[in-house]
There are 2 protein chains.
Amino acid sequence: MLTERQLLILQVIIDDFIHSAQPIGSRAISKRNDVKYSSATIRNEMADLEELGFLEKTHSSSGRVPSEQGYRFYVDHLMSPFSLSRQDIKRIQAMFGEQLMEFERVVNKSAQILSDLTNYTSIILGPEVFETELKQLQILPLNTHSAVAILVTNTGHVEHRSFTIPVELDPSEIEKTVNILNEKLQGVPIYKLNQKIESEVVTLLKKHTNNFRKTYDYIQAALFSEQPTKLYVSGRTNIMNQPEFKNIDKVRDLFSAIEKEREIAPLLRSQDHGVNVVIGHENEIEAMKDCSLITASYTLGEEHMGTIALLGPTRMDYSKVVSLLNVLSGQMSKTFRAWYQNY
Amino acid sequence: MLTERQLLILQVIIDDFIHSAQPIGSRAISKRNDVKYSSATIRNEMADLEELGFLEKTHSSSGRVPSEQGYRFYVDHLMSPFSLSRQDIKRIQAMFGEQLMEFERVVNKSAQILSDLTNYTSIILGPEVFETELKQLQILPLNTHSAVAILVTNTGHVEHRSFTIPVELDPSEIEKTVNILNEKLQGVPIYKLNQKIESEVVTLLKKHTNNFRKTYDYIQAALFSEQPTKLYVSGRTNIMNQPEFKNIDKVRDLFSAIEKEREIAPLLRSQDHGVNVVIGHENEIEAMKDCSLITASYTLGEEHMGTIALLGPTRMDYSKVVSLLNVLSGQMSKTFRAWYQNY
DNA sequence: GTTAGCACTCCGTGTTATCGAGTGCTAATT
DNA sequence: AATTAGCACTCGATAACACGGAGTGCTAAC
């Protein structure tokens, strides 16, 4: 168990280091008003804290730097709550005050605000709305050989895809099929669509349409194939302002990792709901080993919709970021709920 | 006017430098099989070429490096045509062979291919389809106080936006208005919509609906407000592999510039159609002063749809990039045309 | 338990020397 | 007159070295 004094010193070191990015020496600490011990005492305590694994040296005669374990302890026990500046709060409110009305735009703007206010890189996943229900299916012919398929959910989410109509298919058959699907599938949750079709609609389709299989397969491909959840990244360049990323190879590796949406999306999705802090090597992705990722999830009613996250060096301003994510995820959830109160 | 020998030397220097990124010395040139002059002769010629502004030295006793004027001359007069490798061609064909059928996806994939095959950063603008005609307007109520508006064009382009219905508006009025608009506006080019409404539809609406202004204003905001053309960027990290971008500040400035879509989009849009090369300081944007930007446009039928571009250091493989852009923009145009033959 | 004092360590910086690639110029060669 | 060999010179890159400063660990004194 750490003593009061050790806690104080650890906190001071981490707070200082987060802002200065320089190893902290014993003299600098003992000079502070809130610390009334001599540098020698501090030195002894620092040696102990190092032995316990909370601090590290960059070389044998350097000041101390927090270890990952140190950050972990700080985040779990030491961090003092951060109050956002009046300005920042205004900025957030202003954004949600706009008559945006569009998931995409809210998410996009949120990403921008996050990266602007923190100077880190923001990543937002979503919104994904599994339990969303089908509102309308539509196939709109554009000319003799192409059409656009549109799917609308009860949350106002729209998916669409253009496709060519194979010559062997009869447009009127397609129309008939879509009509039946549309009628039978209203209100069915998206993730149950395929199942519902197979169990209830297929027999009906067989009865009312010729060449059922071909037509249906085609519509299936056009409408029901999964689209990957979108990832919104903002403030990529912020990371380059951090002194720990002066080295271009590091930056390249990190950027490459971020561009691999197939890997980042599941990572964000797998985080606990609520605010979540992943420090350094706790992170699975190699290139993020000296980054921290802080996530929070936003919801629609009770249902989880997506994740907002900030990516920065392990020397991150955890307390600011955590409270900012808290505020923003709350605002997003509140906004979405307001739009779909009776959802 | 340059002599044959000067042309040869200039070409050799630029070709070499494009691949090595190292200043080229007289000895290295004279050793080549296709050059049969001594290093002293080459030195003399190089001094002349420098005086003429085609070459530069990095310091007083260094080898030569092409100047921007040198690159310009190379691009305009010296560049030998490049044949893409069988592999590269296959890759392109494979992509266009897929049953993609979606502007967005084609554009996205094209951006990826461009950056993959060149190791530069690709930027694609579009597609913007001004002369596109309205196919269908629709407003779909989601619940008592929100709805989604969908606009489809004859090219299969879909725009949509969710919005809340103000209490003072009558949903049935909205429906009536949309019905009228839909009926009267089919086939009207998007960019003429507002004009057409004012000149022909307004009177009709006034007759058939109450509270016309408010309802119409609302629909106008929901459906007809301009959405900025999308920008697709791929291979951002490629630029960091270039030795001229080892310096992180340069990279940051360049990245920041690329993120400013409001500035990049007009830049791409303003280029001449066909392939276009902008070298170094010819570029308007400060952060791109030591980059080159090569653009080409793609079309739907006769109509310009958008621009594909590659961004790299001034020491770019111009001949490869130019022919690649040529091939790809052609393929895109061909594909789009095939989809909408009777457009 | 705390602190003053001191020897020691290591980074960062500036200096100097050296090496090599490349140039410009002059004089010799073709 | 054009080309080339030869040579002195320039500059960047690299390595070796000394030195000052910030910081530590340890011992002994308070």
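Letters A, B, ... are given to chains in the order of the sequence lines, protein chains preceding strands, and every chain is numbered from 1.
Taking atom CZ of R27(A) as the reference point, atom P of dG25(D) lies 17 Å away to the nearest angstrom. The CD atom of Q22(B) sits 13 Å away from the P atom of dA21(C) (whole-angstrom rounding). Between the P atom of dG22(C) and the CD1 atom of I24(B) lies a distance of 9 Å, rounded to the nearest Å. Rounded to whole Å, the distance from CD1 on I42(A) to P on dG25(D) is 13 Å. In this structure, I9(B) atom CD1 and dT3(D) atom C1' are separated by 12 Å, rounded to whole Å. Protein atom CG of N44(B) is 10 Å distant from nucleotide atom C1' of dA2(D), rounded to whole Å.
Side chains of D88(B) and S85(B): a donor-acceptor N/O pair is present below 3.5 angstrom, by distance only.
OP1 or OP2 of dC10(C) has at least one side-chain nitrogen or oxygen of S60(A) nearer than 4.0 Å. Residue S62(A) places no side-chain N or O under 4.0 Å from the OP1 or OP2 atom of dT9(C). Between dG24(C) and K57(B), a contact under 4.0 Å exists linking OP1 or OP2 to a side-chain N or O. Phosphate contact (OP1/OP2 of dA4(C), side-chain N/O of R43(A), threshold under 4.0 Å): absent. Under 4.0 angstrom from either OP1 or OP2 of dG22(C) there lies no side-chain N or O belonging to R64(B).
F255(B) has its ring centre no less than 6.0 Å from the ring centre of F245(B).
Ring orientation note: the planes of Y71(B) and Y318(B) are tilted relative to one another, at an angle of 30° to 60°.
Listed nucleotides dT4(D), dC11(D), dA4(C) differ in distance to A40(A); the shortest reach to its side chain belongs to dA4(C). The listed nucleotides are dA4(C), dT23(C), dG24(C); the one nearest the side chain of E50(B) is dG24(C). Here the nucleotide nearest the side chain of Y37(B), chosen from dT4(D), dT3(C), dG25(D), is dT4(D). In the set dT4(D), dG24(C), dT2(C), the nucleotide with an atom closest to the side chain of T41(A) is dT2(C).
Contact annotation for S26(B): backbone-only contact, meaning every heavy-atom pair under 4.0 Å involves sugar-phosphate atoms and none involves a base.
Across the interface with DNA chain D, nearest-nucleotide mapping of T58(B) and R5(B) shows R5(B) to be the residue nearer the 5′ end.
Relative to the ring axis of Y37(A), R5(A) places its NZ or CZ within 45° and under 6.0 Å from the centre.
You won't find any donor-acceptor pair under 3.5 Å spanning the side chain of S61(B) and the base of dT23(C), going by distance alone.
Summarising the geometry of E68(B) relative to G280(B), their closest heavy-atom pair is OE2-CA, 3.5 Å, with the distance given to 0.1 Å.
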